[in-house]
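Numbers restart at 1 for each chain; the letters A, B, ... are given by sequence-line order, proteins then strands.
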Amino acid sequence: MADGFFDWRELSRRAAAEGWAKFSPKQQDDFVTAFSELLQKTYIRKLEKYNNEKVTYLKEQIEADKAFINTQVTMKDKAIPINYIMIKHDKWMVYDVVVEGVSLVKNYRTQFAKILSREAPDALIQRIKDKIKSLDEGKNVDDVAG
Amino acid sequence: MTQEKAARMHILTRSLLATLALTLFCSAAALAAPETPVSGDKPASVAPKPVASSMLLAYGDVDIWDETGQIIKKPAAGEKMTQSDIAAETPDPLEGWNRMWFGFNDKLYFWALKPVAQGYSAVLPERPRIWVNNFFHNLMFPVRFVSLVLQGKPSAAAVETSRFIGNTAFGLGGFADVTADNKPFKPIGSTEKDLGLTFGYWGAGNGLYLVWPFIGPSSGRDTLGYAGDYFLTPASYIHPWYWSIATKGYDKINEVSLRIGDYETLKEASVDPYDAVRDAYLRNRYKKIND
């Protein structure tokens, strides 16, 4: 479901920000593959569990090929604002999710920028792959790499 | 009799200290930012923000909206747009020190808080835990009320007061949130305020990012706010001190029991959990200032 819903390339490009231009085309592809897998195995899996919660659509703004959707998810004891930012190719796709004011893309931009200022693009991609590997091995989050 | 007198003196000294700290901070803020606009009920989201020279800003973000969906002002012709980024413009000079306490809090969570909260949830179902949460939230009314008054939002402060009276009187002392569905006549914005957010509303910046043991992520500004909030928290005045700590500890365990899994997901998904938490904290606080 998440594959036709998220624009992984746009999302990755924005998260890598400055670094994106320095990646080779192959590194860009590897980065998109690894990063989207990490997100699918963590946040997306979590988002899909929100099935039973009540989602309210508050507002929708469209500017050319971009759209901003304000929604609110009513959790057990409080309402959490979740906003989606979308881009239109042949259909609308999400490239950023903002939960309680925290943008997914910008949160990773902060992390990636610091790593890329010290390490090569391949090292960053390797770090993401290591993270996925430790998740696949079912390691306790207590000692997941990082 | 003498003990009562001593207790009263104790409270008096503490309130005096609080006032002193607040006055000191206010004057410091006033000196630092003399031209900061404080008028109006409209939050400072459109107030002039300091232009940071961080590499993250150099991306020249072509975003149309900010995180809440407000349209970002377009740059005039020939003008280079620099969009402020709260995470990038807050320095972290004590990173090594902060990372140490981040590691400490991480272990504290996995080795102590989480197991205790899990055991507690096994005994007490979710519904009563939400009631306990409501009770402590209702009890924190002074923090919200004083902050709203200091932000010059009388209608929000009034709504918060009527919620407090309603929940205390008709919600079994605050265990039931009976006023949750009652909407005020006109929109008043969020009433979830504390002193750190108030200083931010006045225009104070974060200063620097800080991580405290037990408390978690904070900033220079929010640390001052937290110190002030301490004096506005009723649980701080429970006598003797270890009952006060125990009450706050119970509140914390109860809260953690309702949030198990959130921190785990963030930690699993991030490449650098320390920076992920720092970024999330700063952005979330920034949003709350403008809410």
With D65(A), which residues qualify under salt bridge (charged side-chain N to carboxylate O under 4.0 Å, His left out), at least two apart?
none
Side chain to side chain contact (heavy atoms under 4.5 Å, CB included) filter on T33(A), not counting sequence neighbours, yields none
Sub-4.5 Å heavy-atom contacts with chain B: which residues of residues 97-105 of chain A show up?
V98(A), E100(A), G101(A), V102(A), S103(A)
Which one, K287(B), R127(B), K288(B), R278(B), leads in non-hydrogen pairs under 4.5 Å with chain A?
K287(B)
Salt-bridged, E268(B) to R45(A), with N to O below 4.0 Å?
no
Sequence neighbours left out, what passes side chain to side chain contact (heavy atoms under 4.5 Å, CB included) with N134(B)? Give chain and number order.
I130(B), W131(B), D177(B)
Please classify the contact between L39(A) and chain B as side chain, backbone, both or neither, with a heavy-atom cut-off of under 4.5 Å.
neither
If I measure from the heavy atoms of chain B, does N107(A) come under 4.5 Å with its side chain, its backbone, both, or neither?
both
At a 4.5 Å cut-off on heavy atoms, which part of A79(A) comes close to chain B: side chain, backbone, both, or neither?
neither
For a side-chain contact (heavy atoms from CB on, under 4.5 Å) check, start with the C-alpha distance between D262(B) and K46(A), then their side-chain angles and the critical distance, and finish with the verdict.
CA-CA 9 Å; D262(B) 289 0; K46(A) 180 114 178 169; 3.4 Å; yes
Any salt bridge linking K106(A) with E67(B)? Criterion: basic side-chain nitrogen under 4.0 Å from a carboxylate oxygen.
yes
Closest non-hydrogen atom pair between W65(B) and Q61(A), with its separation:
NE1-OE1, 3.1 Å
Nearest heavy-atom approach of T110(A) to D275(B) is CG2-O, 4.4 Å
